[in-house]
Structure formats: C-alpha cells, structure tokens
There are 2 protein chains.
Amino acid sequence: MNRPSPRGKRIPPFTVLRFARYLNFLCNLPEEVREISSAEMARTIGIKATQLRQDFFTLGGFGRQGRKYDTRVLEERLREVLALQGSQHMVLVGAGNLGQALANYQDFERFNLYLRGIFDTNPKLIGLRFRGIEVMGLEHMQDFIREQGIELGIICVPHSVAQPVCDALVEAGIKGIWNFSPENVLVPEGVVVQNENLSVGIMNLSYQLSIARED
Amino acid sequence: MNRPSPRGKRIPPFTVLRFARYLNFLCNLPEEVREISSAEMARTIGIKATQLRQDFFTLGGFGRQGRKYDTRVLEERLREVLALQGSQHMVLVGAGNLGQALANYQDFERFNLYLRGIFDTNPKLIGLRFRGIEVMGLEHMQDFIREQGIELGIICVPHSVAQPVCDALVEAGIKGIWNFSPENVLVPEGVVVQNENLSVGIMNLSYQLSIARED
DNA sequence: CTGATCATGTGACAATATTAACAGGTCAAT
DNA sequence: ATTGACCTGTTAATATTGTCACATGATCAG
C-alpha cells in the first residue's frame, strides 16, 4: 500500500504523523536552541524517547551517536521527508467560519504552503478578503485551479455539498484534498484525501474522560 | 494503560476512534434508513467490512447474525460506549478565528456537547456573542467553571499562552482538554488531553501526495 | 421443506507499532 | 589517559491492530 520514500525506504504511516509533530515542535523552538536530546524532545511531545529514536532510525542519518540532535539538521531532514521543501499552493472552498479560520491560519506558510484562492457560493462573502486573498464565486474555481496549476484543495463546506465540491476539485486537477466536512469524500485512484473530522476528536475525548472517571 | 469499559471490556484505542466515525456516519444518514450492512457502511467510511465487524465484536451485541444492523440500535450503543448519552458542558478559551469557528460549529449538540462559556483577553472580542454565548474576560473563567461545574475545555489560543491557559483550566476543575494550539500542553495525572494540531494533517497530506507522485 | 444467498459472529493468523535492551560513540573532569 | 555520565544507533522482543476464513443465523424463492 505504501511506497518507498525518495530515499528508497518506506516510512510507517504512524511514523510519518510523528515526523509532522517533530517538525512542528522544532519550528516552535526558540532560534537560539541549536541542539536537543531525544529525551527532552520526547518528553515535551509526550512520547517515549526510544520511539523517537526508532522513528529517526527508519530513515537513518538524523544524528550522530553520542551527540544530541542538531535542530537545524533535524528540521531540514524532516522538511525534506515530508516534501515541504518546495512551495505548494492551495485553494480553499467554503469561506464560512472554519474556512475563514483556516484562511487566517498563519502556520501554513512556515511549511511553504500558500493559500492562493478562496471560493464560496454566498454572495455576501464573495469579494471579501482574508490575508489579502479575495473570495471568489465557485464558478471560477476550476479555471483558477487549472491556470495556476494548483494541486491542494481544502474543503470547508457543509456535508451535503462536500462530495460534489470534491468531484469538481478533482476534475480541475487537484491531487490532494484536505476535507473538514463531516462527510467522508470519495476520490478516484491517484488522488489523496485526508479527512479531518472535528467531531471524532471530541468524541474520543469524551470516551477517555469516562475511562478516567472510573479510576 | 487502558481501563475496561463500563461493560467490563477494554476497547482498543483505534477502535474507539472508529466508533466515533461510525457514530458520525450514522448521524449523517437520512432518518428513514433503519438498517445498514457492514459492507455498505464500511465502503462509505473507507475501511473494510471485516474490520467494522471486528470492532463491533469487541463489545458484542451490536447486531444479530444474518440480519443487517439496526441503525437506531447502533447509534444508541455507540453513544453509550462513547459516554455521549448525558449532557456535557464545555468552555472555550480564545475567540479568534478558530475559536469562533468552533463556537459556531453545530455538530457538537448532536452529541449532547454544549458550549457554555467563551473567554478571551481581547477587549474587542469581549461582549460579542456567538450562538447566544457571550465572550467574557479571561479573569472570569475560573469562577465560571467552578460555579457551573464544567469539565471540558477547548483551547484556541496562540501557542505562547497555551500552557498557562491549560494550567488555569485544570486548576479550576477541568478534566478534559481539547487543544487546538500548535503547542502540546502538559497536564497532571487524572486530566485527559486531546491535541488537535492542524499542521499535522496538512503535512501528512503533503507526504502522501509526494508518495503518490512517485507511482 | 430445501437450497441459495446474504448477513453477522468469532477465533486464528499476519502485519504493524511500541518498547526494551544494549552496543557504541562523545565529551568533560580529573 | 581514564573514568563516568550522557548521548544516539540498532537489533530483538513484546504488544497491538488489521485481515482472513469460515461457522452460524436469517430470509426468501420455488
């Protein structure tokens, strides 16, 4: 199911998720911190140091025996692995509350992810600007994607229209979809989708809480 | 690490996450659909039917051999397992874009989760209302939580203040924290935290996309 | 009633993920 | 130079998850 990385090694899916967390952690670190131990990093993130080292071992060459990790090297390697070194461009569909929140989210640019277009059907929203990006009518979306050669799409529309919006994105050439609607969208072969259902998080929390209460 | 459920059986962590997705799926289903097969449900959600049945088997008694699942029964059982049957109350800290989006998110109430208070330090936001709930100054937060006996807290503040806000929540009696700040917050024993780092999702998507491109 | 079909329940097995144990390198103090 | 305290790299063991094959029950056509 999973293919080898650019360096020829396959990365376990869970390790990829942790790579993202490591990179995020490193980016939040103060500039002057140049090195960090697996123990310190793991404790802050909330995992075991041995797991972190095992993750890095998967790719090899992240650090040197006996020495702490160099934060710069680590960050660079992680960006490389996660394919975040070149700029990637995104469009966002649905400029409701969540859409606006994402449009204003500033962290994306730290990872070379740039929002280029926002689309909605609501006339009250069309023409508004978020961080300099104008909300356009949905009818302009496909042309925009094709002209700019954009590959990433974010879906923040109500669940009843999530699938048609997704289909339109794919038809226009989008290769990766980040879906915040509660509906799981289906995509053809070759297109990647990441479903980010917010309710799942709070339900899991509710369960964990009920377990904790039993102690 | 994990405790038995109210019915005495321990539920694997990954199964809990899928339970949340199943419940979400069922809630999005039209009223008139009274029964559904594991195959149909699994296909829509994007997993294998056998895994879904295995999940239900963990608790037992979700369905009857030879018959499809009764959607009502399923929904009821899942709500029970996830501890969503009684009302739970939440406060939200940070009424920025993401905070507002969550305050306006309508799905929570379908799971008996009710937002009771919103807090921020920004004078421009204090006094505003979202879905009838007024934004209050952060200094009133702890009293509010104690008076209302609230156990769930949502953190939507910038990463530099996430930990102090978290500490204040815990001190006031919050038992479960849903953290949207990019910083992983640390909590004492007995408090549950769910970190919902948005960047992780898009970074994972970036990676998956790079793998797909190699084919 | 009987066979065909379609459904879920269940235990065994295969694939993954996590943790432990330790080998081997680095550095500073003495 | 040597010791000891800290590091990461690597392999092996353990634990958890996902998948399969098939037993078993329901239903319906004829």
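By convention in this document, chain letters (A, B, ...) are assigned in the order of the sequence lines, proteins followed by strands, and residues within each chain are numbered from 1. None of these values were measured; they are calculated from a predicted model.
A donor-acceptor contact shorter than 3.5 Å is absent between the side chain of A:Glu196 and the backbone of B:Ile202. A donor-acceptor pair under 3.5 Å is absent between the side-chain atoms of A:Arg116 and the main chain of A:Ile145, judged by distance alone. B:Asn195 places no side-chain N or O within donor-acceptor distance of the main-chain N or O of B:Asn197, the cut-off being under 3.5 Å. A:Asp55 contributes no side-chain N or O that, together with a main-chain N or O of A:Thr15, makes up a donor-acceptor pair within less than 3.5 Å. Checked by atom type and distance alone, the side chain of B:Asn204 never pairs as donor or acceptor with a backbone atom of A:Leu17 at under 3.5 Å. Formation of a donor-acceptor pair under 3.5 Å by the B:Thr71 side chain with backbone atoms of B:Arg34 is found in this model.
Residue A:Phe57 is in base contact, counting any heavy-atom pair closer than 4.0 Å across all strands shown. Within the 4.0 angstrom heavy-atom criterion, only backbone atoms of the sugar-phosphate kind lie near A:Tyr69; the bases stay farther away.
For A:Gln54 and D:dT10, a side-chain-to-base donor-acceptor distance below 3.5 Å is absent, hydrogens and geometry of angles not being considered.
With the nearest nucleotide of DNA chain D identified for both B:Arg18 and A:Gly60, A:Gly60 has the one nearer the 5' end.
In this entry the distance linking CG of B:Leu74 with P of C:dT8 reads 10 Å, nearest Å. Following rounding to the nearest Å, B:Lys68 (NZ) and C:dG9 (P) show an atom-to-atom distance of 15 Å. As rounded to whole Å, 14 Å separates atom P of D:dT16 from atom CZ of A:Phe14. The CG-C1' distance, from B:Asp55 to C:dT10, rounds to 14 Å in whole Å. The CD1-P distance, from B:Ile11 to D:dT16, rounds to 15 Å in whole Å.
Separation of atoms CD (B:Glu75) and CG (B:Asn24) is listed at 10.5 Å; rounding is to 0.5 Å.
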I'd like to compare against my own output: the B/S/- annotation of nucleotides 25-30 of chain C with a strict under-4.0 Å heavy-atom distance to protein. BSS---
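Between B:Arg72 and B:Glu76, none of the side-chain N atoms (NZ, or NE/NH1/NH2) sits under 4.0 Å from a carboxylate O, so this pair counts as no salt bridge. Between A:Glu40 and A:Arg43 no salt bridge is recorded (no basic side-chain N to carboxylate O distance below 4.0 Å).
Less than 4.0 Å separates DNA chain D from at least one heavy atom of each of the following residues of residues 35-53 of chain A: A:Ile36, A:Ser37, A:Ser38, A:Arg53.
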